[in-house]
Amino acid sequence: MAGLAVLLALASVAVAYPALHLEARQISAQEARASYDYVIAGGGQAGLVIANRLSEDPSKTVLVVEYGHLNTDPAQEEPSSATAYKQHLLYNVTSTVQPGLNGRGNLTVYAAAVVGGGSTINGMMLDRGAPDDYDNWAKLGNPGWAFKDLLPYFKKATSLTPPIPELQREFGITYDLTAYGKNSPVHLSFPTYQWPAVKVQYQGMLQAGVKPQKEGALNAYGLFWFPGALDPVTVTRSYAVSGYYRPVTARKNLDLLTGARVNEITFDKSKRATGVTFQARTADGLGIEDRVQTVKATREVVLTSGFLHTPQILQRSGLGPAELLRRAKIPVLVDLPGVGSNFQDHAVASTNFRFDTDVTPNPTFLTENATFKAWADELWAANRTGPRSMTVGNVGSWIPLSVLASDYKNILKTISSQKVSEYLPSNYAGSSALLEGYKAQRKLLTNSFSRLTTGVIELPFAGRGTSSLSLEHPLSRGTVMLDPKNKYAEPIVDYNTFVNPVDALVIARAYGFVRRWMKTPAMQTLSPVEVLPGSQLTTDAELVETARNVTRPSTMHGSGTAAMAPRKYGGVVAPDLLVYGVSGLSVGDVSIIPLVPGAHTCATVYAVAEKAADLIKARTRDVPFLGQCGGAGYTGSTVCKAPHKCRSLGDRKSVV
Ligand SMILES: Cc1cc2nc3c(=O)[nH]c(=O)nc-3n(C[C@H](O)[C@H](O)[C@H](O)COP(=O)(O)OP(=O)(O)OC[C@H]3O[C@@H](n4cnc5c(N)ncnc54)[C@H](O)[C@@H]3O)c2cc1C
Ligand SMILES: *[C@@H]1O[C@H](CO)[C@@H](O)[C@H](O)[C@H]1NC(C)=O
Ligand SMILES: *[C@@H]1O[C@H](CO)[C@@H](O)[C@H](O)[C@H]1NC(C)=O
Ligand SMILES: *[C@@H]1O[C@H](CO)[C@@H](O)[C@H](O)[C@H]1NC(C)=O
Ligand SMILES: *[C@@H]1O[C@H](CO)[C@@H](O)[C@H](O)[C@H]1NC(C)=O
Ligand SMILES: *[C@@H]1O[C@H](CO)[C@@H](O)[C@H](O)[C@H]1NC(C)=O
């Protein structure tokens, strides 16, 4: 039996369970000090990274305010947690009606509500975007954010343990350790088992014209293997809590306040952020206590409340689209039309083929074959090896448009011929900055679509006949806006999925690609029979209609709602991550992403947060001339001592 050949020769595997008893820095609302150097709003994935780095200096005090609690359920660290999302660790939010999805509405919005955020509950799939993706961030007017600039931060956050030699040989798994750090906080690895059909699927992808990569972490396009966020020693989830929080729970200068909601950022007369207001949640978790508390930040307030709440906190604080703020009766501090716009996620459709001559063992064995199941359970119990160590899979294709669609040139022409404002959310019409920004994005995307170095569809495979088809670089843009009737209610989430018809057409082409893949000699050995979408559906109109009927708007990669871009492009933060129009306030989470990368967002958030921490440390050092040196409302040092010079950065100045 092919799978059994992968016999597991790990040198030593620690079976010990990682302790969940923390020597926590956890405090209650009553215990919070009046003032800290830094206040971080949101103890999710990015918040914990930034808290760790800022508290490295014992003379600086750091407070993290997190709505959720520390997870204490050991099951959440098991590989199986990668596919079992827990409602109580998520916010309870659904979308508006989606016209691009044939009027479906109430679609689940996935946002984590627990310490560690998305990294605590996610699918543990740890891939990076292609160099092109980040280079486009830089080209949009964000110097310092190209792939070469981010690579050191990807390495600082993640290290890789290669797959066991038997798996490498049998499956031809390749990797490049130079893409990773050594002993970085987050440990990536591969499970000790793969389904044998993966070899067939991989060959089929090659035959369908997808080019392989030695290491996707350096070249995330074409066909490549990727690791999971799985500690190779304990075979448990490696995430912001294990990598960035637990190792520093002895630091006396770090406080983690859980079960408290940040309401607003407070400002002084010069529009410098001075702290935040917050309210504790009630003990039953269902409500909020009456008492509103304030905590001061003497150096910086850092927003890391995720794509859903970072824009909401900004809007509640008077930073956002003036028209919305007026409707909500919130005084406008800074008219920032981009707050809550530019919302992107990866919409996902799927196909299903029955394999009439499937190889054995296959994934059904884990539920249907008692002998196999007993073997898998025995390995797992003995030393945490075997099929139970798998998460969501480790290989897939990121298919360039020209490989996906023979008529790709027509698709590019269609994009260029579209009126810029045509398919955008209604609030874009009132903002020339948002329209200009989208126009610049569209130009960058169209260029990328014409190259082989960007995948437009992600198609991972793990030995099953079902495939998810994720739209990696949507043209449609959505919004996340506070509810003007109740600014403390959950925000209103409009994905706007497939409102630009090209997005739905790309999914239609992906259905066609899957059919071509199934017809390759390799895949024909499995005798695939189409179940979904159904071989009777053949025309563009039918496939587009199917896509609109079945696509889910999210793969939980919500991003872009406080985008880093020049202010003339509707940006919310500058390349130094400081919010426009005020001082002492930055954003360091998934919201700053201007263009969603063609990847699951976790690895990117680690790199963004690591870089954010470096930027914050540099500008809030005690040496005056290394801080900011001016700009609207800045009350800190205005001294620029030689050899340093003032440099304009958007509407601010900083020191070089
Ligand atoms: C279910 C799920 C599965 C996913 N699967 C994958 C995957 O397999 N691979 C991958 O790469 N990515 C995956 N992602 C995406 C990835 O995990 C996220 O993009 C990433 O974790 C976002 O990090 P963040 O720090 O920006 O936000 P988060 O980690 O979401 O952190 C935001 C934090 O702020 C807190 N907060 C919000 N509002 C307030 C407030 N008012 N006051 C105080 N605190 C507040 C929240 O409770 C939360 O803890 C998944 C995400 C989810 C939700
Ligand atoms: C794990 O346990 C199995 C079953 O007892 C055994 O066959 C295998 O050699 C062990 N592997 C390692 C790496 O210890
Ligand atoms: C989620 O919100 C809906 C209304 O928006 C409510 O009916 C439901 O009870 C909530 N569920 C939970 C678990 O809080
Ligand atoms: C969404 O849910 C609400 C409340 O349950 C319901 O009234 C509405 O019809 C639903 N909308 C759609 C499009 O499903
Ligand atoms: C069940 O699994 C065992 C061990 O993998 C294998 O030998 C056997 O052939 C399988 N049975 C069936 C019916 O496939
Ligand atoms: C799409 O959904 C609508 C409404 O449910 C249905 O009438 C139509 O047949 C579906 N079309 C396809 C191609 O699935």
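For clarity, every value in this text was computed on a predicted model and none was experimentally measured.
- With hydrogens and angles disregarded, a donor-acceptor distance shorter than 3.5 Å links the side chain of Lys155 to the backbone of Thr178.
- None of Thr561, Asp589, Thr304 except one satisfies the side-chain hydrogen bond (donor to acceptor under 3.5 Å, both in side chains) rule with Thr310; the exception is Asp589.
- Using a 3.5 Å distance cut-off with no hydrogens or angles, the side chains of Arg251 and Ser55 do pair a donor with an acceptor.
- A donor atom on one side chain and an acceptor atom on the other are not found under 3.5 Å apart for Thr236 and Asp231.
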Open item on the list: I'd like to know whether Glu78 forms a salt bridge (charged side-chain N to carboxylate O under 4.0 Å, His left out) with Arg237, so could you lay out the CA-CA distance, the side-chain angles of the two residues, the decisive distance to 0.1 Å, and finally the verdict.
Closed with: CA-CA 6 Å; Glu78 294 293 287; Arg237 181 182 289 271; over 6 Å; no
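- Environment of NZ in Lys211: sparse, with no more than 12 heavy atoms of neighbouring residues, nucleotides or ligands closer than 6.0 Å.
- Here the shortest heavy-atom pairing between Ser397 and Met205 reads OG-SD, 3.0 Å.
- Other residues, nucleotides and ligands contribute at most 12 non-hydrogen atoms within 6.0 Å of the NZ atom of Lys373.
- Classification of the Phe343-Phe307 ring pair by plane angle, with boundaries at 30° and 60°, yields parallel.
- Judged by distance alone, the side chain of Ser559 and the main-chain N or O of Val590 form no donor-acceptor pair under 3.5 Å.
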Open item on the list: Let's go through Thr120 and Asn71 carefully: what are the C-alpha distance in whole Å and the side-chain angles of both, what is the deciding distance for side-chain hydrogen bond (donor to acceptor under 3.5 Å, both in side chains) to 0.1 Å, and is it a yes or a no?
Closed with: CA-CA 8 Å; Thr120 303; Asn71 168 66; over 6 Å; no
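- In this structure, the side chain of Glu472 does not engage the main chain of Val456 through any donor-acceptor pair within 3.5 Å.
- Side chains of Tyr239 and Glu77: a donor on one and an acceptor on the other come within 3.5 Å.
- Under a 3.5 Å cut-off, the side chain of Glu368 and the backbone N or O of Leu366 do not form any donor-acceptor pair.
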Task: Intermediate values then yes/no, side-chain hydrogen bond (donor to acceptor under 3.5 Å, both in side chains), Thr174 and Glu215 - done: CA-CA 7 Å; Thr174 55; Glu215 172 58 90; over 6 Å; no
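- A side-chain donor-acceptor contact under 3.5 Å links Ser389 and Thr192.
- With hydrogens and angles ignored, the 3.5 Å screen pairs no side-chain donor or acceptor of Arg128 with any backbone N or O of Ala603.
- Side-chain atoms of Asp176 and Leu160, non-hydrogen and from C-beta on, never get closer than 4.5 Å to each other.
- Ring geometry for Phe147 versus Phe154: interplanar angle of 30 to 60°, hence tilted.
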TODO: Decide yes or no on side-chain hydrogen bond (donor to acceptor under 3.5 Å, both in side chains) for Asp255 and Tyr36, but give the supporting numbers first.
DONE: CA-CA 10 Å; Asp255 282 346; Tyr36 292 80; 2.6 Å; yes
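- Under the 3.5 Å distance criterion, with hydrogens and angles disregarded, no donor-acceptor pair is assigned to the side chains of Thr360 and Asn362.
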- [ ] Run the numbers on His600 and Glu458 for side-chain hydrogen bond (donor to acceptor under 3.5 Å, both in side chains), then give the verdict.
- [x] CA-CA 10 Å; His600 299 235; Glu458 176 195 305; 2.9 Å; yes
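- Annotation: the span from Asn383 atom CG to Glu378 atom CD amounts to 9.5 Å, rounded to 0.5 Å.
- In this structure, Tyr606 and Tyr244 have parallel ring planes: the angle between them is below the 30° cut-off, well short of the 60° mark.
- Remark: side-chain polar atoms of Gln168 are paired, donor with acceptor, to backbone N or O of Pro163 under 3.5 angstrom.
- For the 3.5 Å distance criterion, the side chains of Gln26 and Thr258 qualify, holding a donor opposite an acceptor.
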- [ ] Please report the C-alpha distance between Lys60 and Leu54 in whole Å, then the side-chain angles of each, then the deciding distance to 0.1 Å, and finally whether the side chain to side chain contact (heavy atoms under 4.5 Å, CB included) criterion is met.
- [x] CA-CA 7 Å; Lys60 303 289 184 296; Leu54 294 181; over 6 Å; no
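- The shortest side-chain heavy-atom distance between Val605 and Cys602 does not fall under the 4.5 Å cut-off.
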TODO: Determine, stepwise, if the pair Leu63 / Val65 fulfils side chain to side chain contact (heavy atoms under 4.5 Å, CB included).
DONE: CA-CA 6 Å; Leu63 172 69; Val65 186; 3.7 Å; yes
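- Side chain of Asn122 to main chain of Gly118: a donor-acceptor pair is present (N/O by atom type, distance under 3.5 Å, no hydrogens or angles).
- Counting all heavy atoms, side chain and backbone alike, Pro232 lies closest to His187 at CD-CB, 3.9 Å.
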TODO: For His346 and Val596, run side chain to side chain contact (heavy atoms under 4.5 Å, CB included): C-alpha distance rounded to whole Å, both residues' side-chain angles, the deciding distance at 0.1 Å, then the answer.
DONE: CA-CA 8 Å; His346 296 130; Val596 68; 3.6 Å; yes
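- Tyr193 is not listed as a side-chain neighbour of Thr385, based on a closest heavy-atom distance of 4.5 Å or more.
- Side-chain atoms of Trp517 come within 3.5 Å of backbone atoms of Gln201 as a donor-acceptor pair (strictly under, hydrogens ignored).
- With Tyr153 as reference, Asp614 is the one residue of Asp614, Thr604, Thr158 to meet the side-chain hydrogen bond (donor to acceptor under 3.5 Å, both in side chains) rule.
- We find the CG-CG distance between Leu595 and Asn342 to be 7.0 Å, quoted to the nearest 0.5 Å.
- For the residue pair Thr61/Asp37, the side-chain donor-acceptor check at 3.5 Å is satisfied.
- The shortest heavy-atom contact between Gln76 and Ser81 is O-OG, 3.1 Å.
- Classification of the Tyr202-Phe461 ring pair by plane angle, with boundaries at 30° and 60°, yields perpendicular.
- Residues that satisfy the ring-ring contact (aromatic ring centres under 6.0 Å, His included) test with Tyr91, not counting sequence neighbours, are Tyr67, His309.
- If you check the side chains of Asp132 and Thr454, you find a donor sitting under 3.5 Å from an acceptor.
- Under the ring-ring contact (aromatic ring centres under 6.0 Å, His included) criterion, Tyr221 pairs with no residue at all, not counting sequence neighbours.
- Across all non-hydrogen atoms, the minimal contact from Asp345 to Thr555 is OD1-N, 3.2 Å.
- Note: Trp137 and Tyr134 have perpendicular aromatic rings, judged against thresholds of 30 and 60 degrees for the angle between ring planes.
- Contact between Leu308 and Ala111 at its shortest, heavy atoms only, is CD2-CB, 3.7 Å.
- Between Trp398 and Phe224, the gap from one ring centroid to the other is short of 6.0 Å.
- Judged purely by atom type and a 3.5 angstrom limit, Asp133 uses its side chain to pair as donor or acceptor with the backbone of Ala130.
- Judged by distance alone, with hydrogens and angles left aside, the side-chain atoms of Tyr245 form a donor-acceptor pair with the main-chain N or O of Arg25 at under 3.5 Å.
- Remark: Arg388 CZ is packed, more than 12 non-hydrogen atoms of other residues, nucleotides or ligands lying under 6.0 Å away.
- Across Ala612 and Leu577, no two heavy atoms sit closer than the pair CB-CD1, 3.4 Å.
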